[in-house]
Amino acid sequence: MIKITDLEKYYATEEVRTIALNKLSFNVKEGEFVAIMGPSGCGKSTLLNILGLLDDPDGGSFIFNDIEVSGFNERKRAELRKHNIGFVFQSFNLIDELTVFENVELPLIYTGVKAAERKERVEAVLEKMQIMHRRKHFPQQLSGGQQQRVAVARAVVNNPKLILADEPTGNLDSSNGNEVMALLTELNEAGTTIIMVTHSEHDAKYSHRIIRMLDGQKVTENILMEAP
Amino acid sequence: MIRNYFKIAWRNIRANKLFTVLNIAGLAIGICVCIILFSFVNTELSFDKMYSNSDDIYRVNMETSEEYNFETWATMPNAVGPALEQDIPQIKRMARLIKDDFGATASLKIGDKNFTENNLYLADSSVFKMFDFEFLQGNVETAFSKPKSVVLSQTTKKRLFGNQEAMGQLITVNNHDTLEVSGIYADLPKISVMDFNMVYNIMDSWMGTNVYWSNASYETFVQLEPNANIPEIENQASALIDKYVDKEDQYFTKFLLQPLTKIHLYSAEVREGYSTKLGSITTIKSLLFLSLLVLFIACINYMNLATANSRKRAKSIGMNKVLGASRRHMLSLFYVETGIMVFLSIVIGYAISFLILPLFRSITGNELGYQDLLAAPILIGLLIIWILVTLIAGSYPAISMSSISPLILVNKSKTKGAASELVRKGLVVFQFAASIVLIIAVTVILQQMSFIKNKNLGYDPSGIVAVSVSSAETGQQIQSLIKSLERQVAVESVSAVQSMPGANESGRAVLKLATDNTGMPIASCRTDGNIVQTLKLNVLAGTELPETITEGDSIIYTLINEKILNYLGYQTPDEAIGKIIHTELGPRALITGVVENFNFNSLKEDIGGYMYYKSRRAPEGIRTLLVRYNSQNLSQFMEQLQSTFNEALPNTAFDYQFLDRHVAQLYASEERTARTATIFSALAIFIACLGLFGLAAFTAEQRRKEIGVRKVLGATVTGITQLLSKDFLKLVLVAFVIAAPVAYWLMHKWLLDFAYRTEITWWVFVFAGLAALLIALLTVSFQAIKAAVANPVKSLRTE
Ligand SMILES: Nc1ncnc2c1ncn2[C@@H]1O[C@H](COP(=O)(O)OP(=O)(O)OP(=O)(O)O)[C@@H](O)[C@H]1O
Ligand SMILES: [Mg+2]
């Protein structure tokens, strides 16, 4: 599903040039659950942004579903993104002005789903995430764990093939964190590919494979279990 | 999708209460101003469009020869109309009109009651058909079928006769003509330059029957055949001059057709027309410009506050993009939001315009009514405002915000903070520059007005009442009125004159030699004396005109001003005394006295030559008494004056004017300009301050954490207030630097209209700059102090 080869990303500020990704290569198969780990500043988020088609690499190749996407412009990336990829962030990033229901509904609106079907699908996801009773609430009225569940619901409502999670449990206590991890595992078992950045060895154990990075490069890879 | 935009937009609007209130307040004020001005402009533009022949009616104007400076006159000889009608086939009908007594107030007598009337016209009966007169009593055919008939407008009928029957009643005009009421017509439309209150048949007078090509006192209207060829008719008409007038008598060279619908607004350069209902296209243009400026300043508020707010919203925009929103989606969202905001502002602004309409009327003396606010063009105008303001005000925020990258979420996107900050500053500078220009303009205008009021005119117009005696039955009546006035304690002096200064003097020429062909044009005014004492003129040499002239004395005694003295080339005033002066008055005219120049006209004009004369056989009549009074109790004095008048002239209406008010009237349009500029500058600066207030609130909030940290580290409230206010005040200073030269240039140009003007002094600029600075400081410091005194622990914890 994903094949990156010699991926490079630089950040140039006035004084220094940072190499965030340095000829990074690896593959992810469909249905896999991959955890990415590494010290702070080693380029994990940068990688995830590129994988999520939010950002463009400066070098190397990125093949997504057999298409070379490096060099795509913002419009093309957005088009590909909205149909294929869901995001979960450490800081949830729910939209404060929208209710739970509306937050989850948003991706469907942008992919042009009709109102009746939207309602059905949003309610189904909320049911599955067990936050149906909270659907009229605004994000600030929810606990962190509930907010992250809404974020997960929003990420999956479009049935994306790939979910990217950047420290999804970083802002949660362990019981809420475990709940979110269980959710992700469940989604993965249902066939969704998941790539997750994490600092927690505990969370990483939920995955099939751990990729460890340092200074923008892959250092090791641990296979925990065979992907389906 | 649209519904979704509305929902989100509406929530955003409600979520940011302060910004919403500031935005709507500014926009509503701007829109309210626009609505009222649009209605005003709309009525001004609809003038004279309602007649069934509107498109085919033209006023004939004539262009004078070089001798008369190529002016355009609306009045012309009474021979023009009939000649045009006869010789030019494309002219269907013509109507001449002239105000009774060349525009002086008429005195009407009905039974034993006296009335004054300013709009009594003599006209050809063709006016009725031309201007769709609708007769309520009598009819078009019978109106002038009997000689000495007069028709009245309904309102005039009410005024003169109340509810009594008017048809067949007799009205004596100026104690010479007695007319019989032969018809009552529905009042002519308010938005028409045609202001007849009473019309009588010009053919009943020598003015209609005795046609000549010399005296130019008649307005001439023509109705053309549909689709007539205007330039062709103008050429044919101008050709008539050579046909009928001898070369040496041709003081006019061309006839021009002015469409009826253009008379109201486009007659600034046309002299001598009779209508009192003239507007000005320049006024309209400048008002439109100012109201759009105010609206634009309000739009700037919206742009600034919305973009300032964008950082707060950046995350949600980024998230929308992550979830698949395209740039178009975000653009639409912002435009919907702006559209809702502008819509609310329009509703509120529209409502306010109804509330403040009476205020507008009282300030401008305009007759705008509520129904004018409901006119279809206004509603269409509102729609256009809605769309335009949404597009303009929404453009910058929509474009800058919709381009926010989704990477903002992961803090990896360089925010375009710097660029948008610069734009925002630029816009604030523009707002304040415009406000400062207006403040300077207002100050200079007011300064000039006070300069005019306090300028020594060379005579003293205050304490003089001018009483019209033009309708006196006999000269004796006037003499006895003067006698009884002179006996009164409150009366200091009385002077009988042809005209008060600058009103109805006769144009003449003074010649250096009797044989000269051309001389200097002057104003000459007949008087029976006492003029120096009454007007308090300064005599440079010689004496006042003689008190009495013995019978058989055919000498014309004259009092000239310095201007004439200089033209005639005398070295000193004394030298001129007793010398002969050559005018068209006659050969035996002597200079009795020389007076200092005095501003008989508006201070916009240079002083011209002026001559008072006294003679037993004067060609002009006595029409006005100038009465200088000295009374603590003006109303009592006026009552006494009126009863004296009624005793002496029992059949004449008492019509008077205070000379100083007449003088003030010369500057009525400048007075209006001053008021308008004041209002607009107040509005502009107020709206700009709303925006500044919002920006200050925004900055204070944005820097809350910084302020908290600074306070924890020991910063004082004053220090922090200064820190927050400084940046804004810098903007005002930049605005001032831009505004000052612009204002100087504008006001310099405005002052050029006046022959007598104040200097634009440096303190005007200092004043305007300080005023803007102070207002801005007050606005900003409120927020700054609020932020500075806030408990730092609180702001740090909530971060
Ligand atoms: N917008 C940017 N401008 C300049 N440098 C950047 C930018 N974004 C990231 N970097 C640099 O790129 C490198 C990789 O950053 P990245 O955020 O990917 O690290 P990370 O592995 O996600 O760290 P963490 O675990 O702390 O989230 C870092 O050295 C960072 O300083
Ligand atoms: Mg990171």
Side-chain angles (χ1 to χ4, degrees), chain A residues 9 11-13 20 43-46 48-50 52-56 74-99 102-115 118 138-139 151 154-155 157-158 160 164 166-167 197, chain B residues 1-17 19-20 306 309-334 336-337 340 399 401-418 798-799:
Chain A
K9 182 76 184 174
Y11 291 110
T13 54
K44 305 181 296 290
S45 298
T46 305
L48 218 55
N49 291 336
I50 292 173
L53 298 167
L54 294 175
D55 209 353
D56 203 30
E74 163 69 23
R75 269 258 297 290
K76 275 171 138 173
R77 278 188 273 135
E79 194 53 37
L80 207 57
R81 184 168 71 221
K82 73 180 176 189
H83 291 289
N84 294 295
I85 304 173
F87 291 86
V88 179
F89 297 96
Q90 175 179 4
S91 52
F92 321 138
N93 278 326
L94 297 175
I95 294 174
D96 292 341
E97 292 82 25
L98 300 183
T99 62
E102 288 159 353
N103 262 290
V104 178
E105 187 189 22
L106 215 46
L108 297 176
I109 290 176
Y110 292 128
T111 42
V113 177
K114 295 254 158 32
R118 286 206 303 261
F138 286 98
R154 189 177 60 180
V157 69
N158 243 342
L164 299 173
D166 196 347
E167 299 181 45
V197 166
Chain B
M1 185 75 94
I2 275 285
R3 246 194 50 202
N4 212 61
Y5 289 154
F6 269 97
K7 193 168 64 190
I8 298 172
W10 180 240
R11 286 211 196 119
N12 276 324
I13 286 172
R14 288 192 8 177
N16 298 307
K17 292 231 170 51
F19 288 3
T20 304
N309 209 10
S310 72
R311 242 181 264 180
K312 238 168 139 185
R313 295 181 62 178
K315 281 227 144 159
S316 116
I317 296 163
M319 196 58 224
N320 269 288
K321 286 216 165 166
V322 168
L323 296 175
S326 67
R327 185 146 188 217
R328 273 250 301 288
H329 286 126
M330 290 291 102
L331 274 177
S332 320
L333 177 65
F334 283 110
V336 168
E337 201 173 310
I340 295 177
I399 289 164
M401 284 202 246
S402 65
S403 62
I404 284 174
S405 152
L407 287 174
I408 188 102
L409 284 182
V410 273
N411 277 331
K412 294 286 159 67
S413 146
K414 266 198 223 144
T415 45
K416 292 195 195 137
T798 50
E799 265 301 315

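Scope of the values below: all heavy atoms of this structure, side chains included, with no hydrogens, waters or symmetry mates. Keep in mind that what you see is a predicted model, and the values were worked out from it rather than measured. Below, chain A is the first sequence line, B the second, and so on; all start at residue 1.
To the nearest 0.5 Å, atom OG of residue B/Ser316 and atom CG of residue A/Asn93 are 10.0 Å apart. Atom NZ of B/Lys321 is separated from atom OH of A/Tyr110 by 10.0 Å, given to the nearest 0.5 angstrom.
For A/Arg154 against B/Leu323, the heavy-atom pair with the smallest separation is CD-CD1, 3.4 Å.
The contact between A/Glu102 and chain B is made entirely by side chain atoms (from C-beta outward), counting heavy-atom distances below 4.5 Å.
Looking at A/Leu98 and B/Arg11, their side chains come closer than 4.5 Å, going by heavy atoms from C-beta outward.
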